Amino acid sequence: FAAPIHTSVGHVATRICVPNAMTKHQAGFACLCAGHVRVKNAGNILMKNVVDCSVGTLAWYLLGNGFAFGQSNGRANPFIGTGNFALNSVSFTGVDGEGYPQFFFHWAFSAAATTIVSGAVAERISFGTYMLYSCFMSSLVYPVVAHWLWTQWGWLSPLAAAPLFGSGAIDFAGGVVVHTVGGAASLIGVYFCGPRVGRFGIDGSPCRGYRENNSNLIVLGTFLLWFGWYGFNPGSALAVSTYSTAALVARTAVTTTIGAGTGGLSAMLIVYALTKKYDVMALCNGVLCGLVAVTPGCGVIDPWAAVIVAVLAAGTFIAVDHLMLKLRLDDVVSAVPMHLGCGALGTLCVGFFARQQYVEEVYGAPGPAVGRRWGVFFGGDGRLLACQVVALLSALCWVSALLVPYFWVARRLNVVRVPVEQEISGLDASKYGVLTTNELPTKPRTKRAGYV
Amino acid sequence: MATSVPTFCSDGELAALTALFKNATTAASFCERLAVAGTADGSVSLATNLAAVNEGVNTFFLTFAGALVFIMHAGFAMLCAGAIRSKNTMNILLQTVLDAAVSGICWYICGWAFAYGDVGRGNPFIGDWTFALVDWYSNGNPSGGKGRWSEWFFQWAFAATAATIPAGAVAERFNFNAYFAYTILISAWVYPVVVHWVWAPRGWLSAFNTTAPLAGSGMIDFAGSAVVHMVGGLTGLMGCILVGPRLGRFDSNGQPVDMPGHSATLVVLGTVLLWFGWYGFNPGSTLNIVATTAASSENLYLTSGRAAVTTTLSGSAAAVVALLSGLVRTGSWDLISVCNGALVGFVSITAGCAVLEPWAALIAGGVGALIFDATCWLWLKLRIDDPLSASPMHGVCGAWGVLVTGFLAAPHYVAQAYLNGKYGAFYPGGGGNLLGCQVVGILVVGAWTCFWSGLLFFVLKIFNKIRISPEEEQAGLDVSKHGGSAYNHDHGLGKGVKPGI
Amino acid sequence: MATSVPTFCSDGELAALTALFKNATTAASFCERLAVAGTADGSVSLATNLAAVNEGVNTFFLTFAGALVFIMHAGFAMLCAGAIRSKNTMNILLQTVLDAAVSGICWYICGWAFAYGDVGRGNPFIGDWTFALVDWYSNGNPSGGKGRWSEWFFQWAFAATAATIPAGAVAERFNFNAYFAYTILISAWVYPVVVHWVWAPRGWLSAFNTTAPLAGSGMIDFAGSAVVHMVGGLTGLMGCILVGPRLGRFDSNGQPVDMPGHSATLVVLGTVLLWFGWYGFNPGSTLNIVATTAASSENLYLTSGRAAVTTTLSGSAAAVVALLSGLVRTGSWDLISVCNGALVGFVSITAGCAVLEPWAALIAGGVGALIFDATCWLWLKLRIDDPLSASPMHGVCGAWGVLVTGFLAAPHYVAQAYLNGKYGAFYPGGGGNLLGCQVVGILVVGAWTCFWSGLLFFVLKIFNKIRISPEEEQAGLDVSKHGGSAYNHDHGLGKGVKPGI
């Protein structure tokens, strides 16, 4: 009796405290995005972040939680959850029915996945289109993928009774579910929105002055996100009540730290090699890339593997970022290279670097019907890698299948972008009746010494 | 490390068991395995260990919840700074930081003693023991056992929150000495006494009072809609009525002139930090997360988890309602409305977060947002100038939060969180006891707060110490009182405006 | 879930009990009910479960506390950015972020090994094991049992803090390569060795050294006033002495010219975030919150809770003293003084937060604020230009924190937190052992830090690599080294100054 109580205490305590850190995530996104966009649109982006929190919560409460984790009479199908909408008839007692804390924890995750897009399409998307997208994302798009990978019924889940290829795809803290989904949605949004007015010159080369407005905010946002990641990754163990889960929680904190540090340093050095400038933006982006890339595997890889994954992530980020500009895709905060590029990279790396004993620690020892597979570099036979690829591709297909039509229709109806006059004068003045910095027009302009 | 193996049995018991098992080794092993339940000399016992572990977990829970409540100061600071004009930024930032420091000292000297110093001898009105934490270590405290340091810390974070709320209402024109006076008054006297009434086991309004609760029920204010928010908000209201509006806030016809804040980014940062901190404020207010019996542990962790959910839902509902209401009123998607809306939602759910159903949380937040908008409109009609809308938000919506709990407190949740078990009037069989207590609570807490803060501000006004001079107000408090400006964007060679040290 | 009912008894015992009770069912039921204490084959035992839960709770505690310590980086970044001129903002932001990244890698490769890698073979001076976390999973670690990942993480957060403190002292004119060099030096060599001395079970200065502690006592530095703050602060001091003052900081008569920071809002945000993080720094330094015996659990949670209280009080007292001292000196209510004061209070209590009485915490903080003001004045007389006052704050007040612990460490609290039990000289019977150790600690840690950082900066100075050119300094580091400005406040159509990627 006493031991089960403590087990549940562990569950509840983790789940309550952890999303606190996740809320910090929202603060991080808000600062990061506000720091990246031009001043005239800061109010708009801040608005979208707050709205994500609010509208997304209601959508998650009414539908999302049910599609992701709902069940009816203890059953659900491999594709989608089927009950417990609006927290209806969730059991609230006993070790297995932590309905409220679970709702709270996963709410914070879904808000994170939804918010990724807001930065990518900043400065030009219309508010209505965005708000509808936000509902759509947190009520259907994100929950279904979460159901596939994170529930005992999901067809891709390693927790299933008969997992795919005898292994199931490992996505410890949301490399596919949160980052790939969010990143792919960003790519679709960016493509259908088109670039901001004046972003690319007549010859297709990118114009200056469209990146970075306030590095204080970007650094603050980066730190808050990094902090929030200690809720995101270690919190994904969801319990700390045994030796092995305790070690797991702590190990994820270690790999997360090393991933962030290495990613930041590598990105900064790569950019230094290219431009001979120590660039604080590259450093911050690199930190976030490292964090994203270790997310799917943080529970099952070694610290040295986190170093390798983060270095690759920094390279991937910079390459994809350049590619996006070549293709004239205007992604204001580099959400696509970061979340889609590094999220996918990290997911694949799990197939190479996952260590047998860690996998068994996290997902349980192999049983008669349940196999366990580990990384190719540790003598695994490639089935885990195959599962990772399948998970990645099916998540991409699902997101495209839902969001491409949505944005296509919105574009046909001509409601996806704000009118060009509004875009030029800035969304804040035209739409929100506020300027984020009200005194700017009357203050003397900052002198930029030694510069033209 | 143990030198001898602990054993469950006394010598006589061991002898009897040896005879039973016909084997001394088996008997000894049997007694060793039983030793987990306790030893003959009482030196080891799993139950004792478990109780200590519980206390450790509770300390951890309360310390970190307190830290989360503290981060709300960062939220208040950023919110206030962003919502006023840049010439007064340093003034309000100084107040927010100083609130935390001054309230720490006041809470140490007498705040805790007035609020909770009542072991075995307090009265229903005020506590009178452990001033300056004296004998904290050796004596017991209200929760029993040795002094719970973490509880002092958690309650201090609450006191600091109450002390910092009025700063927004009187921003941009208040005299710094007057500010100093009210922050000491609140954290050393007004707030602790209200805490004693509503939260201490002997308080006359308290739902934890099991000997003689008011109307057999007592007032349910789980995390302080009345205790914290009404006290702070109404102090702010008295302040901004008595100090008068900012220069130029109303034109010669009495029409309000807009005075927008200087940074929406800071407002949003502040809002989200407050949101973050509220997850310590509401779920942490169970004070414990585990207990020594399974049933009470379950009550605690379910209550705490539910508080996080209802908080989220109420804030979200209020933000959406405020967005739509703002759209109707002004025709634009108003960022500041949404931020205020979310905060109103949190204030409105604070009293009932432990005892409301999720749907009731949506109602509390949504209606709260409408009440807030109506109050703001009314304040402008009455020419009350509250730059941060602190009094509509904390004062009025705090009262609303207490009131809605009287209607919608759900029977099974009240049974989990409170002993007296009187629930909301909306549910069949609820009766009016709880609702009556809530109304009494609102009236009494309101009257107490308005009396003391009104008295203080009135005396200050008589001596002409409440407001700065019009010249200083025109120039901004930062330059006139704080020796400089908050922002110095010069790239030159240190031709700053601050006097050298 | 179990298919068979767990039972306490072996077959032989069951048979004997059946004979005793004269009923097989009764005997079986008796053994089943006993099974909570353990089973014959050892597969179930409440004591084992409880030990595992303890470890889980401790991991959670330490991970969470580590995350709070980490958020102090956001605090440092905002504080530093706000307190310098806007033309060098990106430079210092870059350094703060990079500190966290570089120290993570250094701590992984050799930091932890030098500090704590001493199981069964280390020496009193330095650890020599588990470089690059090798064999972490399969081998034990100093705390026994499997490798405690959370401890690595928590200690990394501390190392990162030590590495980031000097950035403020050398801001606005330091060469970026020199910065790179010192951050690696501190986090890979200077800091880990000091940690080994003071905190590892074999360290020669350590109060955890039970075999041969210095003077029978060892040095009490609970959360690192010397280990973290003195190391960081004195490195900063050596840096700002050797790099010289900023251009124009002193006029031709040697009088200081004020160079105010560019944003007070950021300074306050940074201060409050640091304050918040300190609640992970100090209370988290117990490393555990529960243990396997009731007595040690009690020691842990009382110590941790007390640390939160003393931290609050010391910071509050120092902030109020600094406010008043600033009022006397400049005649205005100075925001920056209050922020610095609060931080000084935290630094001053960090060594003694577990062993000081609440009133002693007020003294530590209040006197610390005065020492800080005096040191700042002295530095200006000596023409040492420390833009963030990092060396008076962390270096000098860190030493003060260690010293005051030698006087005022309370006997019963020392007994809770440390094994050797030598307490402060102020208390009757305290003797001078602890005080002597504290003084030795201050001198040795100071000398070690100054030697290595002095050596590094001296070599860099010889090769003319320590400082940027006057032209670059005039233009600001952001433009000259980091390809742009921190703020691009254009309202137009993207005519920014940065080259597009």
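Computed from a prediction, not measured in an experiment: that's the story for all the values here. Letters A, B, ... are given to chains in the order of the sequence lines, protein chains preceding strands, and every chain is numbered from 1.
Proximity to chain C (any heavy atom under 4.5 Å) is shown, for B/T26, by both the backbone and the side chain. For a residue to count as touching a neighbouring chain, one of its non-hydrogen atoms must lie under 4.5 Å from one of that chain's; by this rule C/V272 touches chain B with backbone and side chain alike. For C/P358, the parts lying near chain B are the backbone and the side chain together; criterion is any non-hydrogen pair under 4.5 Å. Neither the backbone nor the side chain of C/A410 comes within contact range of chain B; no heavy atom of the residue lies under 4.5 Å from a heavy atom of that chain. With a threshold of 4.5 angstrom between heavy atoms, B/W156 approaches chain C through side-chain atoms but not through N, CA, C or O. Only the side chain of B/N177 comes within contact range of chain C, with at least one heavy atom under 4.5 Å from a heavy atom of that chain. Only the side chain of B/A81 comes within less than 4.5 Å of a heavy atom in chain C; its backbone stays farther off. Both the backbone and the side chain of C/T265 come within contact range of chain B, each with at least one heavy atom under 4.5 Å from a heavy atom of that chain. For B/A67, the parts lying near chain C are the backbone and the side chain together; criterion is any non-hydrogen pair under 4.5 Å. The contact between C/L313 and chain B is made entirely by side chain atoms (from C-beta outward), counting heavy-atom distances below 4.5 Å. Neither the backbone nor the side chain of B/F154 has a heavy atom closer than 4.5 Å to any heavy atom of chain C. In this structure, no portion of C/A342 lies under 4.5 Å from any heavy atom of chain B. For chain B, the nearby parts of C/L269 are the backbone and the side chain; heavy atoms of each come within less than 4.5 Å. Residue contact with chain C, scored on non-hydrogen atoms closer than 4.5 Å, is absent for B/F76. If you measure heavy-atom distances from C/W275 to chain B, the contacts under 4.5 Å come from both the backbone and the side chain.
Using the six-membered ring where Trp is involved, B/F60 and C/F61 have ring planes that are perpendicular, over 60° apart on the 30 and 60° scheme. Between C/F64 and B/F64, the ring planes lie perpendicular to each other; the angle is over 60°, past the 30° to 60° tilted range.
Taking CZ from C/R306 and OG1 from B/T63, the interatomic distance works out to 12.5 Å, rounded to the nearest 0.5 Å. The distance from atom CZ of B/F70 to atom OG1 of C/T312, rounded to the nearest 0.5 Å, is 8.0 Å. In this structure, SG on C/C9 lies 6.5 Å from CZ on B/F21, to the nearest 0.5 angstrom. Note that CE of B/M90 is 7.5 Å distant from OG of C/S332, once rounded to the nearest 0.5 Å. Rounded to the nearest 0.5 Å, atoms CD (C/E13) and CZ (B/F30) are 5.5 Å apart.
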>> With side-chain contact (heavy atoms from CB on, under 4.5 Å) as the criterion, how do B/L133 and C/V309 come out once you've worked through the C-alpha distance, each side chain's angles and the decisive distance to 0.1 Å?
In response: CA-CA 10 Å; B/L133 288 179; C/V309 174; 4.1 Å; yes
>> Walk me through whether B/L94 and C/V338 qualify under side-chain contact (heavy atoms from CB on, under 4.5 Å).
In response: CA-CA 8 Å; B/L94 179 62; C/V338 171; 3.5 Å; yes
> Going through the checks in order, is the side-chain contact (heavy atoms from CB on, under 4.5 Å) test met by C/N54 and B/V53?
Replying inline: CA-CA 7 Å; C/N54 281 351; B/V53 167; 3.1 Å; yes
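For the pair C/W333 and B/Y179, the minimum side-chain heavy-atom distance is 4.5 Å or more. The shortest distance between side-chain heavy atoms of B/L98 and C/L323 falls below 4.5 Å. Counting only heavy atoms from C-beta outward, the side chains of C/L335 and B/N91 never approach each other to under 4.5 Å. Put simply, the side chain of B/I71 does not reach to within 4.5 Å of the side chain of C/I71, judged on heavy atoms.
When each of B/E55, B/K22, B/Q95, B/H73 is scored by its heavy-atom pairs under 4.5 Å with chain C, the top score falls to B/E55. For the set C/T310, C/L68, C/T271, C/L300, the entry with the most heavy-atom pairs within less than 4.5 Å of chain B is C/L68.
The two residues B/A101 and C/A319 come nearest to each other via the heavy atoms CB-CB, 3.8 Å.
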